[in-house]
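Note that the structure is a prediction, hence the values are computed from the model and not measured. Every number for a ligand or one of its atoms is a count from 1 in the order of the listing.
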Amino acid sequence: MARIIGGIGTSHVPAAGAAIDHGKQADPYWAPYFAKIEPVRDWVRDAEPDVCIVVYNDHASAFSLEVIPTFAIGVAAEFPPADEGYGPRQVPNVTGHPELAWHLAESLILDEFDMTIVNEMPVDHGLTVPLSVMYDQPDEWPCRVVPLCVNVIQYPAPLGRRCYRLGQAIRRAVDAFPGDERVLILGTGGMSHQLQGERAGLVNVDFDLAFLDRLVSDPSAQAEVGHTEYLREAGSEGIELVMWLVMRGALDDQVREVHRAHHVPTSNTSNGAIVLENAARRTDVR
Ligand code: DHB
Ligand code: FE
């Protein structure tokens, strides 16, 4: 049976992707951030996931404001990097996992999560930057990917509670998949940030660190936090953090925090990363 070997939460700051693409990881501005995520890269190298379910939001790249699915799943064999205005990132195409993706779609929809099925889509920084955070600059991405999009761009986004329950449904689906894949799940976006308006540049480190604490030890309480609190405390784009709850819902109730990184500033965003394993089972290294 396929199994979830762990979960990673990470910001998906586009400037961090550009720093990787343009050889700036050792620059004084970026070096402290990349030093902090080195243990994340070490863990991923040892854990060797076969497939990553990447929970992210599309930033009006694949979906325009004409069509806004609340939850969407990519079932294609391949996903090209999106052109977000500066040409596509020079990173490898993302290889999908159609068998797992269709299994997830069927299981989630029959479990009452009405996923939009996407046969063709480019993937933007919300998905490709987390891959670069984990894998740096490989010639090919070392794992296959199931993209799972959550709308956090246009109000109303789904509640944290709904996202947490979606994660629990993903767990049931993966546990029932008749393969031997080692599955890693990622929740991306956040942490506190606001990109426009009077409070542009907002960062709330206290909120972010409390979020990480509760994500680890009391996720069902964090899942009850409503939109207004995210907006007030973490800024308009802080709502991206609900996607970390999808990741957390797919793990056991008890988890082991393997590594936590937090760094300010990167671009406009309070930048966090966390690696979690199910507490009952030390992830065996191949
Ligand atoms: C930034 C962060 C994001 O999550 C995003 O989608 C776009 C920009 C930033 O910090 O610049
Ligand atoms: Fe974003």
Side-chain angles (χ1 to χ4, degrees), residues 8-22 24-25 27 29-30 32-34 36-37 40 54-65 68-72 79 81-89 91 94 121-134 147-158 160 163 186-205 207-208 211-212 215 227 230-231 233-247 261-274:
I8 289 182
T10 174
S11 304
H12 58 217
V13 177
I20 295 167
D21 298 347
H22 298 112
K24 295 185 188 307
Q25 294 188 64
D27 282 11
Y29 181 83
W30 287 106
Y33 164 69
F34 286 106
K36 287 178 187 178
I37 62 158
V40 177
V54 183
V55 182
Y56 77 108
N57 65 295
D58 176 74
H59 302 74
S61 306
F63 309 122
S64 67
L65 292 181
I68 307 169
T70 298
F71 295 122
F79 304 92
D83 184 346
E84 300 181 58
Y86 303 92
R89 283 187 71 203
V91 293
V94 172
M121 68 174 170
V123 286
D124 74 10
H125 69 270
L127 184 140
T128 63
V129 169
L131 292 182
S132 303
V133 166
M134 292 196 302
L148 198 153
C149 305
V150 179
N151 165 46
V152 292
I153 291 289
Q154 167 73 57
Y155 186 85
C163 289
L186 269 73
T188 82
M191 302 196 81
S192 56
H193 65 301
Q194 172 147 344
L195 299 178
Q196 68 276 307
E198 280 177 24
R199 299 199 306 161
L202 176 145
V203 160
N204 184 344
V205 173
F207 177 90
D208 293 332
F211 175 89
L212 291 173
L215 186 74
H227 288 334
Y230 281 104
L231 201 64
E233 300 297 328
S236 51
E237 277 68 45
I239 192 67
E240 289 181 340
L241 284 169
V242 295
M243 294 182 288
W244 296 40
L245 285 163
V246 181
M247 174 275 284
H262 185 257
H263 188 72
V264 180
T266 57
S267 184
N268 302 292
T269 303
S270 172
N271 197 325
I274 197 163

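Residue His59 has at least one heavy-atom neighbour below 4.0 Å for each of these atoms of ligand 1: 6 (O). Proximity to Ser267 (heavy-atom distance under 4.0 Å) selects the following atoms of ligand 1: 9 (C), 10 (O), 11 (O). Taking every non-hydrogen atom of Pro14 and a distance limit under 4.0 Å, the qualifying atoms of ligand 1 come out as 1 (C), 2 (C), 3 (C), 5 (C), 7 (C), 8 (C). For ligand 1, the atoms lying closer than 4.0 Å to a non-hydrogen atom of His125 are 5 (C), 6 (O), 7 (C). Proximity to His193 (heavy-atom distance under 4.0 Å) selects the following atoms of ligand 1: 2 (C), 3 (C), 4 (O).
Counted by atom type alone, His59 and Glu84 present zero donor-acceptor pairs between their side chains at under 3.5 Å.
Taken to the nearest 0.5 Å, the SG atom of Cys149 stands 9.5 Å off from the CE atom of Met243.
Distance check for His12 against the Fe ion (ligand 2): an N/O/S atom falls below 2.8 Å. Not a single N/O/S atom of His125, whether from backbone or side chain, sits less than 2.8 Å from the Fe ion (ligand 2). Residue contact annotation: Glu240 places an N/O/S atom under 2.8 Å from the Fe ion (ligand 2).
Between Glu240 and ligand 1, an N or O atom pair is found at a separation short of 3.5 Å.
None of His193, His263, His262 except one satisfies the side-chain hydrogen bond (donor to acceptor under 3.5 Å, both in side chains) rule with Ser270; the exception is His262.
In the displayed structure, Lys24 atom NZ is contacted under 6.0 Å by at most 12 heavy atoms of other residues, nucleotides or ligands.
Using cut-offs of 30° and 60° on the angle between ring planes, the pair Trp30 and Tyr33 is perpendicular.
Closest of all the heavy-atom pairs between Met191 and Leu241 is CA-CD2, 4.0 Å.
Side-chain contact check for Phe63 versus Asn151: every heavy-atom pair is 4.5 Å or farther apart.
Here the protein heavy atom with the shortest distance to atom 2 (C) of ligand 1 is Thr269 OG1, 3.3 Å.
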